[in-house]
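Both backbone and side-chain heavy atoms feed into the values below; hydrogens, waters and symmetry mates do not. Just so we're on the same page: letters track the sequence lines, and every chain starts at 1.
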Amino acid sequence: MNLFRVSLRNLRLRLLSTSLTTLSIAVGAGMVAALWLLIAETEKRYTTNTQGYRAIIGPKEGSPLSLVLSTVFNLGIEPGVVPLSVYKELHEGDLARRLGLVYAIPQARGDTFGGFPIIGTTSEMFTEFRRGKDEFGEYRMLDLAEGEAWTFDHAEFLAFAEHLAEHAAEVAADGGEHNHEHEPLPDEHMAAVIGSAVADRLGLELGSEIVPVHGRADEAVVAHKHEDSACRVVAIMAETGGPLDRSIFIPMDVFMSMDKHDAIRPGQDAASDSVLISAIIVEARARLAEFHLRNAFQTRTDAQAASPSIEMRQLLEMVGDATMVLRVTVYLVLFVAGISVMVALYNTMNERRREIAIMRSLGARRHQILRIILQEALLIAFLGGGLGVLLCHVSAYFFAPLVSDISGVMVDWRAFSVDELWLILGTCVLGGFAGILPAIKGSLVEVADNLGPVS
Amino acid sequence: MIEIEQLAKTYRRGDQLVTACTVGHLSIGRGEQVALLGQSGLGKTTLLNMIAGIVRPSQVRKLLVADQDLTAMSESARDRFRGRHVGIVFQTFNLLMPFDSLENVMLGALFGQGSNQHTRERAEELLRRVGLADRMHHLPGELSVGQVQRVAMCRALINEPQLILADEPLGNQDRKTGGEVLRLLLEIAGEEDCTVVMVTHDPESAAMMQRQIDLADLRQAS
């Protein structure tokens, strides 16, 4: 028998009151933990998912942030297009040599399937693109879980661009309207490599057919379906835990051959340099390559360079300011829960006067009564804090897909952090403060007045 | 064991001072078993509370309990003294509801000499002795009045006190059951050379004690 056990038994005696106050603390702590988890996961995702994208070269229209969000995170709409001349310059020009270019991979966007973006690109996306390094210092590539990726590399892309230019020149010479009547593409090009989330969500497997929809998912009802450009799923990517899981990659020639996709816009030079793409993903060996690129493109009118790491840092700073209101709100909820512990305990003090008087008559000192009641508040807070953290992760388990759909952030329910221990500790401190007033009231109970009948 | 001289407890009720208890002289020896009699309202419970150190007298010349001058002690010291040297049996027994029989007895030790293996063994032994070997883990609500009284008695004895103060310890029980429990209490107290002071209105219970004192006589002595 010890004072801790006395506190435990007292809580058990008032099980309903104890449960309700514990629950109120759990809700408060759970909200704080959930907010922390969401912010941490957001920061983590937005930081780790920019690895491999040292810089993004895209259209001058729109902000660098919208270019990054569109290219890296599949969020928002593509700000515009950039001419192939920029892509060539990155591969062949002086700039590429100075930067120590590792890769410059083109992307063309604008179509979707089942709400997931379809991205036209080259096979360098599977052979060169690096998603940072793993714990052993090895580069992480875009691994495939099943199947084999289609092949359409840089050289083929340039050749295809030349073909597009020739076709455009012929059309212009004939004085006819621009059309998409190209030579049929090889069957093996009508292929798609899909992300793990795409496969899971849409129930796709190797051999499944994908019919691109022109435009975004929410416009799909009225959007045009590219029936002639249906692609077979030839590979499913291994899970990355990021936006790549929600992407569908098809060869650039397939993307550009679809009707309504004007690779060379009417009125423009019928040259391969005029072929339009959405963005170019760049990785380079040079230190501060992203700053060099930004400076190099600053005064140009045909393209801009955006650094995902810089843009995301600025975005997170802005989001951090916005979440301050949310933070204050959830801390207030927790504080109010602490007050509820105080009120609940304080209210029981009247009915507990006799019990306290009996303990005092047995020799309990005032400080021991104080300690018993404080311990009760601390126990409620500790249980509430622990339960809150648990609630947060259980909720994360169930609601992660919903959060991912809304925000694009994949919340990992297993992402326990040391901060959560601090949260439980903080909740205990709150409980301790909440217990002070009831404890003082309890310790001041007069023994003789509350012991019962007198003779 | 108990030496009292010129002791009084008064309360202020509005403008008036009400005297709750007056004792001119009282002396009780070690191991003595004394019944404290008197009409209701004479202050018998108040006197017990003053001897236990729960209530401070308003006036006192001498208040020695177990050779300790209670008037010189702080409240905390009196609490410690009471826990260690005094066992109390209440009229309503006052067991604590969330605790089973053994734990109620152990609470006496917790606030007295401290809870340890020795006190646990003594608590079990006392409960066995009063016939509650199979009721050690029963909550007060699961016990009969007589069993509750015996648990309360064990709690008073747990710290091997020098003094037991019992305030109408038979409660509302029938005389036969209550008498048996009282006999047991006096028997154990006698074995341990423990002084017993019992407030009672029951002549038969009083007759079981070695000495009977009418509080009215103590008042006259003042």
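The structure places CG of B/L96 at 9.5 Å from CZ of A/R354, a figure rounded to the nearest 0.5 Å. Expressed to the nearest 0.5 Å, how far CE of A/M359 lies from CG of B/L110 amounts to 9.5 Å. Put simply, CD1 on B/I158 and CG on A/L362 are 11.5 Å apart, with the number rounded to the nearest 0.5 Å. Atom-to-atom distance recorded for B/L139:CG and A/R9:CZ is 8.0 Å, nearest 0.5 angstrom. Rounding to the nearest 0.5 Å places CZ of B/R82 at 6.5 Å from CZ of A/R360.
B/L107 and A/V6 get closest at one heavy-atom pair: CD2-CG2, 3.7 Å. Of all heavy-atom pairs between A/A448 and B/V55, the closest is CB-CG2, 3.4 Å. Closest of all the heavy-atom pairs between B/I88 and A/S361 is CD1-O, 3.7 Å. When all heavy atoms are compared, the tightest approach of A/N10 to B/P98 is OD1-CG, 3.8 Å. Taking both residues in full, the closest heavy atoms of A/I372 and B/F111 are given as CD1-CZ, 4.2 Å, listed atom of the first, atom of the second, then distance.
A/F416 CZ: more than 12 foreign heavy atoms inside a 6.0 Å radius. Residue B/D67 qualifies as open at atom CG: its count of foreign heavy atoms under 6.0 Å is 12 or below. More than 12 heavy atoms of other residues, nucleotides or ligands sit less than 6.0 Å from atom CZ of B/F81. Taking a 6.0 Å sphere around CD of A/E351, one finds it holds more than 12 heavy atoms contributed by other residues, nucleotides or ligands. The local environment of OH in A/Y331 is crowded, with over 12 non-hydrogen atoms from other residues, nucleotides or ligands closer than 6.0 Å.
For chain B, the nearby parts of A/R365 are the backbone and the side chain; heavy atoms of each come within less than 4.5 Å. No part of B/R120 comes within reach of chain A, as not one of its non-hydrogen atoms sits under 4.5 angstrom from that chain. The contact between A/E355 and chain B is made by backbone and side chain atoms together, counting heavy-atom distances below 4.5 Å.
Checking A/R5 against B/S115 by side-chain atom types alone, no donor-acceptor pair falls below 3.5 Å.
No other option in B/R155, B/R84, B/M97, B/M106 has as many heavy-atom pairs under 4.5 Å with chain A as B/R155. In terms of heavy-atom pairs under 4.5 Å with chain A, the best-connected choice from B/G38, B/G83, B/G108, B/G112 is B/G83.
Residues B/L102 and A/M1 form no side-chain contact, since every pair of their non-hydrogen atoms from C-beta on lies 4.5 Å or further apart.
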